[in-house]
There are 2 protein chains.
Amino acid sequence: MPAWEVLPDQLPPVAAVQKLLRVLADPVRLEMVRRLAAHPAAEAPCSDLYDGLNKSTATHHFKILVEAGILHPVMVGPSRGHRLRRASLQEAVPGLLDALMGALARET
Amino acid sequence: MPAWEVLPDQLPPVAAVQKLLRVLADPVRLEMVRRLAAHPAAEAPCSDLYDGLNKSTATHHFKILVEAGILHPVMVGPSRGHRLRRASLQEAVPGLLDALMGALARET
DNA sequence: CTCGAAGTACGATCCAGATCAAACTTACCA
DNA sequence: TGGTAAGTTTGATCTGGATCGTACTTCGAG
């Protein structure tokens with residue numbers, strides 16, 4: 001269902017604030033986004049974004065993040081991965097990502 | 001348990017990002033915060049902050065918001081109410097509240 | 001053409017937390 | 001003094017969604 005290498009213009013729109021909060025409220029997903037945001041290119045292969053987690057559970061979370069318009073499924077080198085949709089998010093909810101990542105970085 | 005008219009310095013600290021997201025991810029609570037943020041004084045009696053909801057459910061949500069450090073229980077005129085802890089929130093996660101409220105306002 | 005590694009699909013399980021009803025507490029006011 | 005309006009407490013119920021195991025699919029490497 002993730003439809004690998006989706007063209008940027010067929011990506012789902014960024015979800016409403018309400019839904020974004022629900023999606024980001026899960027510790028696993030927040031960590032995935034945090035790790036992506038830390039990367040300079042804001043992209044990474046799937047398995048770099050979690051640990052100690054069943055693969056099917058990871059897939060589940062990726063699907064949710066993609067559907068909410070937060071991640072863009074892409075090929076990263078040889079393997080599948082995701083890119084953080086910074087610009088789209090910034091347009092939908094300006095300042096949200098920066099606020100969250102900033103505070104996370106600050107909290108140890 | 002809300003301990004009415006708590007002194008500002010015995011309020012619980014603002015929760016970590018993770019927990020804040022969990023707390024704000026509920027539609028009922030987000031709406032409560034939205035309404036408070038809309039008020040000029042950022043405070044209002046309990047019953048102004050929700051509708052079509054059982055009172056005990058409302059109490060439940062208020063308790064969670066207070067424990068997360070988002071609301072401050074106060075007397076508003078004759079009746080009980082809450083004040084939004086803008087400054088504390090801004091200090092804990094700068095920009096978060098503004099980002100959320102801005103986007104909510106924009107979404108109609 | 002296999003093999004293996006990486007991801008996905010599906011079904012089953014399990015639990016935090018959202019909700020409500022009912023009984024109780026407060027406090028104001030007539 | 002009630003009476004009533006507003007919140008709280010408690011206990012019970014129910015459901016969304018997080019998790020896992022297993023089986024299936026892809027795809028690159030040898």
Side-chain angles (χ1 to χ4, degrees), chain A residues 1-6 11-12 15-36 43-83, chain B residues 1-6 12 15-16 18-36 43-83:
Chain A
M1 200 53 91
W4 282 97
E5 266 320 308
V6 191
L11 285 172
V17 173
Q18 173 63 63
K19 186 168 180 182
L20 282 182
L21 287 174
R22 266 218 183 295
V23 168
L24 293 175
D26 183 279
V28 172
R29 291 192 290 263
L30 187 59
E31 172 65 8
M32 286 171 163
V33 170
R34 195 193 62 72
R35 292 196 191 181
L36 267 181
E43 70 182 31
C46 294
S47 54
D48 283 17
L49 300 178
Y50 64 93
D51 23 43
L53 194 60
N54 189 301
K55 285 189 296 179
S56 60
T57 305
T59 297
H60 166 69
H61 288 300
F62 283 128
K63 184 189 297 194
I64 291 177
L65 284 165
V66 169
E67 284 172 357
I70 297 173
L71 299 192
H72 180 179
V74 293
M75 296 306 291
V76 176
S79 55
R80 299 173 180 195
H82 293 87
R83 175 180 300 127
Chain B
M1 194 57 91
W4 282 98
E5 266 319 310
V6 191
Q18 173 62 66
K19 185 166 179 183
L20 282 183
L21 287 174
R22 266 217 182 296
V23 168
L24 293 175
D26 184 279
V28 172
R29 291 192 289 263
L30 187 59
E31 172 65 8
M32 286 170 163
V33 170
R34 196 193 62 71
R35 292 195 191 182
L36 267 181
E43 68 180 33
C46 294
S47 54
D48 283 17
L49 298 178
Y50 64 91
D51 24 44
L53 194 60
N54 189 301
K55 286 188 297 180
S56 61
T57 305
T59 296
H60 167 67
H61 287 301
F62 283 128
K63 184 189 297 192
I64 291 176
L65 284 165
V66 169
E67 283 172 359
I70 298 174
L71 299 193
H72 179 179
V74 293
M75 296 305 290
V76 175
S79 54
R80 296 172 181 196
H82 295 270
R83 174 181 301 128

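The basis for the numbers below is simple: all heavy atoms, side chains too, and nothing from hydrogens, waters or symmetry mates. Here is the naming used below: chain letters follow the sequence lines, and residue numbers restart at 1 for every chain.
For the residue pair B:Leu71 and B:Pro73, the shortest heavy atom distance occurs at O-CD, 4.0 Å. Closest approach of B:Leu24 and B:Val33 over heavy atoms only: CD2-CG2, 4.0 Å.
Here C:dG17 presents its P atom at 12 Å from CG of A:Asp26, a figure rounded to the nearest Å. Put simply, CD on B:Glu67 is 13 Å from C1' on C:dG17, counting in whole angstrom units. If you measure from atom OH of B:Tyr50 to atom P of C:dA18, you get 16 Å, rounded to the nearest angstrom. Whole-Å rounding puts the B:Asn54 CG to C:dT19 P distance at 10 Å. For B:Leu30 and C:dA18, the CG to C1' distance is 16 Å, given to the nearest whole Å. The distance from atom CZ of B:Arg29 to atom P of C:dA16 is 16 Å, rounded to the nearest whole Å. Across the protein-nucleic acid pair, B:Lys63 atom NZ and C:dA18 atom P stand 13 Å apart, rounded to whole Å. Summarising the geometry, the separation between CG on A:Leu49 and P on C:dA6 is reported as 14 Å, rounded to the nearest angstrom.
Classified by interplanar angle (parallel below 30°, tilted 30° to 60°, perpendicular above 60°), the ring pair B:His82/B:Phe62 is parallel.
Here the CG atom belonging to A:Leu65 is positioned 10.0 Å from the CG atom belonging to A:Leu20, to the nearest 0.5 angstrom.
Both A:Pro45 and B:Gly52 sit near DNA chain C, but only A:Pro45 has its closest nucleotide nearer the 5' end. Sequence order on DNA chain D of the closest nucleotides to A:Thr57 and A:Arg22 puts A:Arg22 first from the 5' end. Across the interface with DNA chain C, nearest-nucleotide mapping of A:Arg80 and B:Lys55 shows A:Arg80 to be the residue nearer the 5′ end.
Among the nucleotides C:dT8, D:dT19, D:dG17, the one closest to the side chain of A:Val28 is D:dT19. Closest contact between the side chain of A:His61 and the listed nucleotides C:dT26, D:dT9, D:dT19 involves D:dT19. The side chain of B:His60 approaches C:dA18 more closely than any other nucleotide in the set C:dT8, C:dC20, C:dA18. Nearest to the side-chain atoms of B:Thr59 among the listed nucleotides D:dG7, D:dA18, C:dA18 stands D:dG7.
B:Ser56 comes within 4.0 angstrom of a nucleotide base, judged by non-hydrogen atoms across all strands.
With respect to A:Ser79, the side-chain contact (heavy atoms from CB on, under 4.5 Å) criterion is satisfied by exactly one of A:Cys46, A:Ser47, A:Pro45: A:Pro45.
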